[in-house]
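Below is one structure; the comments refer to it alone.
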Amino acid sequence: TKKIVVLLSGNGSNLQNIIDKLHNTTLNNQHIEIVAVLSNKADAYGLQRAQNAGIKHKAIISKGISSREQYDALLSQEIDQYQPDLIVMAGFMRILSAQFIDKYPGKMLNIHPSLLPKYQGTNTHQRAIDAGDSEHGVSVHFVTEELDSGATVIQAKVPIFSEDSAEKLAERVLTQEHLIYPLAIQWFLSGRLSMVNSHALLDGLILPANGYA
Ligand code: GAR
């Protein structure tokens, strides 16, 4: 079995998509299972989605926890019970300490709603509109110590139209998220994708640093 732990903070449409497309499926004779969904928000709808799918889930909230390191230690304790092959960040809106990330080298993927290296951090859709960009998109990348800067695995572009609101644009981007994240996860779990010397390697090919030249 290939085991996935999903980290999220909110709605969990990416989780739902991964449940629908990959959970309890078989890939190269290997069973894929989401073994746990963990949230830093107690009211994240993603937890309900996990519940509905019969997947173990837990909120680990930061209230009353004094330091980032202490929170991250609780989170990694929880994760380590499951010994996952892959940690999938799907709308997890908390910065993780280097100490945490170093525990799972080359085993964490994140999806970020911009064409990295553009627009690291939050509010990416509004920032792309405000900058007058004509295109925007989404990136799946390996998680490394530096925020939103690990090796890019796959990107998808969408146009920005003149009347776009951040909400409309976010929706257009989400549609692409739901196409590319399952691909990246399948590549990883089948051994086609790995992180080597901070680069993403797909079928032995080094991907350009930011996914496109
Ligand atoms: C997605 O757009 C994801 O790319 C973004 O949060 C949204 C979660 O949606 N992630 C980040 O901004 C990470 N910094 P979802 O809860 O419906 O999957």
Side-chain angles (χ1 to χ4, degrees), residues 4 6-22 27 86-96 101 104-162 164-213:
I4 302 172
V6 175
L7 307 183
L8 54 73
S9 305
N11 180 36
S13 74
N14 275 288
L15 169 68
Q16 189 65 57
N17 179 57
I18 296 162
I19 290 173
D20 295 344
K21 291 181 180 160
L22 300 181
L27 179 68
L86 176 65
I87 299 168
V88 168
M89 294 172 66
F92 187 69
M93 302 305 282
R94 224 189 118 86
I95 293 174
L96 292 164
I101 291 165
Y104 310 102
K107 286 175 75 166
M108 294 184 75
L109 290 174
N110 184 40
I111 191 157
H112 182 79
S114 78
L115 293 172
L116 291 172
K118 282 189 134 179
Y119 310 124
Q120 299 167 349
T122 57
N123 204 21
T124 57
H125 308 300
Q126 192 60 53
R127 285 158 69 201
I129 290 170
D130 291 348
D133 293 357
S134 60
E135 58 183 25
H136 183 48
V138 54
S139 307
V140 173
H141 65 93
F142 279 105
V143 177
T144 54
E145 289 184 12
E146 215 185 320
L147 183 69
D148 296 333
S149 297
T152 298
V153 170
I154 183 171
Q155 295 183 310
K157 284 184 190 176
V158 302
I160 298 180
F161 300 120
S162 51
D164 266 344
S165 62
E167 292 70 31
K168 278 223 86 178
L169 183 54
E171 222 174 275
R172 195 173 304 129
V173 169
L174 258 186
T175 302
Q176 298 302 313
E177 297 192 25
H178 297 165
L179 292 174
I180 68 173
Y181 216 179
L183 284 177
I185 293 167
Q186 282 180 306
W187 290 340
F188 183 89
L189 293 178
S190 65
R192 292 178 57 189
L193 172 69
S194 60
M195 191 177 80
V196 177
N197 294 329
S198 306
H199 290 278
L201 220 74
L202 181 61
D203 288 335
L205 208 74
I206 298 170
L207 298 177
N210 292 301
Y212 59 99

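Side-chain atoms are counted along with the backbone in the values below, which use heavy atoms only and exclude waters and symmetry mates.
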| query | Can you find a pair of side-chain heavy atoms, one from F161 and one from R172, that are under 4.5 Å apart? | reply | yes
| remark: Smallest heavy-atom separation, G106 atom then F142 atom, equals O-CE2, 3.7 Å
| note | Closest non-hydrogen contact found for V153 with A184 is CG1-CB, 4.0 Å
| request: Taking all heavy atoms of Q155 and all of S139, pick out the closest pair and write down the distance. | output: NE2-OG, 2.9 Å
| task | Answer yes or no: are there more than 12 heavy-atom neighbours, outside D130 itself, under 6.0 Å from its atom CG? | result | yes
| query | Between NE2 of H178 and CD1 of I180, what distance do you get to the nearest 0.5 Å? | reply | 10.5 Å
| query | Where do N14 and L8 land on the side chain to side chain contact (heavy atoms under 4.5 Å, CB included) test, with the steps shown first? | reply | CA-CA 9 Å; N14 275 288; L8 54 73; over 6 Å; no
| query | Is there a donor-acceptor pair closer than 3.5 Å between any side-chain N or O of K157 and the backbone N or O of L115? | reply | no
| said: What verdict does the side chain to side chain contact (heavy atoms under 4.5 Å, CB included) test give for E135 and V158, after you've listed the backbone C-alpha separation in whole Å, the side-chain angles of each residue and the deciding distance to 0.1 Å? | reply: CA-CA 6 Å; E135 58 183 25; V158 302; over 6 Å; no
| query | Considering residues at least two apart in sequence or located in another chain, which fulfil the ring-ring contact (aromatic ring centres under 6.0 Å, His included) criterion with H136? | reply | H125
| task | Calculate, to the nearest 0.5 Å, the distance between atoms CG and CZ belonging to L27 and R192 respectively. | result | 9.5 Å
| query | Just by modelled atom types, is the T124 backbone N or O under 3.5 Å from a matching donor or acceptor in the S114 side chain? | reply | no
| query | Counting only N and O atoms by type, is there a donor-acceptor contact under 3.5 Å from the side chain of R127 to the main-chain atoms of Q120? | reply | yes
| query | Roughly how far apart are D148 CG and Y119 OH, rounded to 0.5 Å? | reply | 14.0 Å
| request: Measure the shortest side-chain to side-chain distance between E177 and P113 over non-hydrogen atoms and say whether it is less than 4.5 angstrom. | output: yes
| query | So how far is it from L183 CG to K21 NZ, rounded to the nearest 0.5 Å? | reply | 8.0 Å
| task | Look only at the side chain of T152 and the backbone of H141, and say whether a donor-acceptor pair between them is shorter than 3.5 Å. | result | no
| task | Any chance you could lay out the side chain to side chain contact (heavy atoms under 4.5 Å, CB included) test for L193 and I185, step after step, and finish with the verdict? | result | CA-CA 9 Å; L193 172 69; I185 293 167; over 6 Å; no
| remark: Looking only at heavy atoms, the pair that brings T122 and M93 closest together is CG2-CE, 4.2 Å
| field | D20 side chain vs N17 backbone, donor-acceptor pair below 3.5 Å | value | no
| Between atom CG of L7 and atom CG of L15, what is the distance when rounded to the nearest 0.5 Å? | 11.0 Å
| Heavy-atom closest pair, residues A90 and V6 | CB-CG1, 4.1 Å
| Looking only at heavy atoms, what is the nearest atom pair of Y181 and I18, with distance? | CD1-CD1, 4.2 Å
| To the nearest 0.5 Å, what is the distance between CD1 (I111) and CE (M89)? | 11.5 Å
| task | Under the side chain to side chain contact (heavy atoms under 4.5 Å, CB included) rule, what do T144 and M195 come out as? Steps first, then yes or no, please. | result | CA-CA 10 Å; T144 54; M195 191 177 80; 4.0 Å; yes
| Any donor-acceptor pair under 3.5 Å linking the side chain of T175 with the backbone of V173? | no
| message | Between H112 (side chain only) and S149 (backbone N and O only), is there a donor and an acceptor less than 3.5 Å apart? | response | no
